[in-house]
Amino acid sequence: EEDGDENDVEYDDEDAKGEVFGEPNRLKPQSREAQFRSEKLKMDSLLQRMQSGPVSVRVHDVIIKGNTKTKDHVIEAETEVLNNVGSMQELLKASQIVNLRLQALEIFDSVKITLDSGPPELPGTANVIIEVVETASPLSGQIGAYTKAEGMYLEDHISYSDLDTCRADARSSTVEGSLKYKNFFGYGDLWDGSLAYGYDHSAELSAGVFLPRFKGLVTPVTARAYLLSQDWLKFSSYKERSMGLSLGLFSTPYHDLAYNLAWRTLTDPSQMSSRSIRRQLGHNLLSSLKYTFKFDRRNSTMRPTRGYAFVSTTQIGGLTPDSRSLRFLRQEFDLRYVVPLGFYHAALNFGVSGGVVFPWGNGFSSRPSSLPERFFLGGNISPVCALGGPTALWGFKTRGLGPTEPKRQVNNENADPSGVDFLGGDLAVTALADLSFDLPFRWFREKGIHAHVFACAGNVAKLTENEYRNISVQKFVESLRSSVGVGLVVPTSLFRMELNYCYILKKLDHDRAKTGVWLTFSAAS
């Protein structure tokens, strides 16, 4: 018997009568103690047979108990793996998988699986009894204040906060609240709503639903409606507001297909944006299909010491006939390979990522790409954790490199005459090398704290509006930005904290990068 608080797989006592999963013997009445000894001998015999080799068995029936609200087919869909077992060993493993899958639905307080012998007339069979306890508190919520410190530069005891480079999160500090209701209709459905407000006036309001199995589909279905406001005035002189709907159409461990429909508005309250930014202001419609292929064979996302990973993302926009629909093709990839060195838990982590975005349609080569779809590098989030595409470089601040254009000149004594807008690029490439190793102190090793030495390089370039004619491999390589450094890493279950000293090897005039001490917090990829 294998017991756990909420993850139980056990044998029924009746299994010990006679040959388990075989022809049952008809025992005569006997004392309780003698019967117990007989059952123990039979169980010991089964365990010995399992240790010596496979014990043939197949599943006769799956019996579900305890689900007063949850539909049977929701639970049955997670038990399909039981149909393929051919031995007792496989049945135990499959039962554990089913238990984990049912717990992952988040609609049960406990799940218990019992293995019982099948009908006497069908020797070598077993019944699987699944007992669930549905959640007693379907409604839950949380609220909190969070600091997003991805990229904090420390100089003379003064810190300059930087933000994450992801377009979906432009907040440095936020107040967030969420509500979740589980299994409202009995289909394993999870409904949730969330609200987040950033101190830099960024805000997000969203509501969504998750269905593990809908109308017989083999993969989960998700839908989410959202209102999003992001402030990029500091970096690129515009604000972005979006209202839309996102649908998860297909999802497996390796493949993901999603559709996004959004009405987006770009504005410039400062009226100081550059000419290229002003041309992008106004309303547009985003109708895109996004496919992601991902496999990750690394032993850890916080501190990988062996394995490899690859991610490829393809997005096509302009799936509606509306003239305001953004038509573009966007492709990203990210490849990682980790080489263990065999001493001090040391490992070399290599990575290369790239991306390209281009408009499509009549006259596509002379048109600019959509501003929010471009690539922006920087933010000083750890490149080790940023798996998915070109985003981060050590030592460079958010949107801290790439093509720039002077802001609009105004008659204001307080205006910065040297101010520029970072425009992003249509082509981006980054590369990294990271050597991590244990420190010779027991307390540090026990806490997972380790050191690393790193180097990275990257670049962003413009291809649209016929600029691809002026770019060459030589020019692109010559303008690569790069940095090296050394630091201390503190991995946790929630994030990876790095205290690094970064030395900038190469940057251009308007790049926002500094040599010095940086403190970063990065979530797992």
Side-chain angles (χ1 to χ4, degrees), residues 150-151 162-170 232 235-236 290-294 296 298 301 304 308-315 317 328-337 349-358 369-404 422-434 454-464 467-468 471 473 475-484 502 504-508 511-513 520 522-525:
E150 299 93 340
D162 226 4
L163 312 179
D164 198 339
T165 55
C166 298
R167 294 197 310 272
D169 188 1
W232 297 110
F235 312 107
S236 304
K290 185 176 182 179
Y291 167 72
T292 301
F293 171 74
K294 177 179 180 179
D296 194 342
R298 297 175 299 173
T301 57
Y308 54 91
F310 178 75
V311 177
S312 173
T313 302
T314 304
Q315 186 176 10
F328 65 91
L329 294 172
R330 195 173 195 266
Q331 176 64 48
E332 297 176 80
F333 78 91
D334 202 336
L335 176 65
R336 303 294 175 88
Y337 190 79
N349 191 339
F350 296 100
V352 59
S353 60
V356 62
V357 60
F358 223 80
S369 57
S370 171
L371 183 60
E373 266 61 57
R374 295 177 186 173
F375 295 96
F376 294 90
L377 299 185
N380 199 45
I381 59 174
S382 175
V384 174
C385 295
L387 179 66
T391 55
L393 289 177
W394 279 294
F396 288 80
K397 296 184 178 182
T398 297
R399 298 197 176 196
L401 69 150
T404 61
F422 286 87
L423 307 179
D426 308 307
L427 173 67
V429 175
T430 62
L432 73 94
D434 181 271
F454 56 84
C456 65
N459 200 2
V460 182
K462 183 178 180 181
L463 299 178
T464 53
E467 285 293 326
Y468 65 91
I471 192 173
V473 175
K475 289 182 179 179
F476 190 81
V477 173
E478 289 176 350
S479 60
L480 278 173
R481 282 72 155 182
S482 58
S483 66
V484 295
C502 300
I504 306 301
L505 294 176
K506 185 174 182 179
K507 67 173 184 175
L508 300 188
D511 291 348
R512 301 173 65 243
T520 70
S522 304
S525 55

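Note that this is a predicted model, so its numbers are computed, not measured.
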Checklist entry - What pairs with N459 under side chain to side chain donor-acceptor pair (under 3.5 Å), at least two apart in sequence or on another chain? => result S479, R481
Checklist entry - How far apart are the closest heavy atoms of P383 and A392, and which atoms are they? => result CG-O, 4.0 Å
Checklist entry - When rounded to the nearest 0.5 angstrom, what distance separates CG in L480 from CG in L393? => result 9.5 Å
Checklist entry - Could you state the interatomic distance from CG (D434) to CZ (F350), rounded to the nearest 0.5 Å? => result 10.0 Å
Checklist entry - Do you know the tightest heavy-atom contact between S382 and W394? => result OG-CZ2, 4.2 Å
Item to check | Donor + acceptor pair across side chains of E332, T314 (<3.5 Å) | outcome: no
Next on the checklist: I need the single residue from D334, T430, I381 that forms a side-chain contact (heavy atoms from CB on, under 4.5 Å) with T391. Which is it?
Outcome noted: I381
Checklist outcome for this item: Separation between SG (C456) and CG (L377), nearest 0.5 Å, reads 10.0 Å
Checklist entry - Under a 4.5 Å cut-off applied to non-hydrogen side-chain atoms, are F396 and D511 in contact? => result yes
Item to check | Side-chain heavy-atom pair F476, V429 within 4.5 angstrom cut-off | outcome: yes
Item to check | By salt bridge (Lys or Arg N to Asp or Glu O under 4.0 Å) - contacts of K507 (at least two apart) | outcome: none
Item to check | For Y468 against I471, the heavy-atom pair lying closest together | outcome: O-CG2, 3.3 Å
Next on the checklist: A side-chain contact here means heavy atoms from C-beta on lying under 4.5 Å apart; do F358 and L463 qualify?
Outcome noted: yes
Item to check | Sequence-distant partners of A309, side-chain contact (heavy atoms from CB on, under 4.5 Å), two or more places apart | outcome: D296, R298, R336, L387
Checklist outcome for this item: Taken in chain and number order and not counting sequence neighbours, the residues that satisfy side chain to side chain donor-acceptor pair (under 3.5 Å) with N349 are none
Next on the checklist: Quick check for you: to the nearest 0.5 Å, what is the distance between Q331 atom CD and Q315 atom CD?
Outcome noted: 10.5 Å
Checklist entry - With sequence neighbours left out, what residues match S369 under side chain to side chain donor-acceptor pair (under 3.5 Å)? => result R374, D426
Checklist entry - Which heavy atom of L423 sits nearest a heavy atom of L371, and at what distance? => result O-CD1, 3.6 Å
Next on the checklist: If you compare all heavy atoms of G378 against all heavy atoms of L401, which two are closest, and at what distance to 0.1 Å?
Outcome noted: N-CD2, 4.2 Å
Next on the checklist: Less than 4.5 Å apart, side chain to side chain, heavy atoms only: is that true for V460 and P403?
Outcome noted: yes
Item to check | Any side-chain heavy-atom pair of P372 and W232 under 4.5 Å | outcome: no
Checklist outcome for this item: Those residues at least two apart in sequence (or on a different chain) that pass side chain to side chain donor-acceptor pair (under 3.5 Å) with Y291 are H255
Checklist entry - Taking side chain as C-beta onward, heavy atoms only, is L329 less than 4.5 Å from V357? => result no
Checklist entry - Which atom names give the shortest non-hydrogen contact between I504 and G395, and what distance separates them? => result CD1-O, 3.7 Å
Item to check | Parallel, tilted or perpendicular: ring planes of F310 versus F293, cut at 30 and 60 degrees | outcome: tilted
Next on the checklist: Less than 6.0 angstrom from the centroid, inside 45 degrees of the normal: does R399 satisfy that with respect to the ring of F422?
Outcome noted: no
Item to check | Pairwise distance CG(L427) to CZ(F375) - rounded to 0.5 angstrom | outcome: 8.0 Å
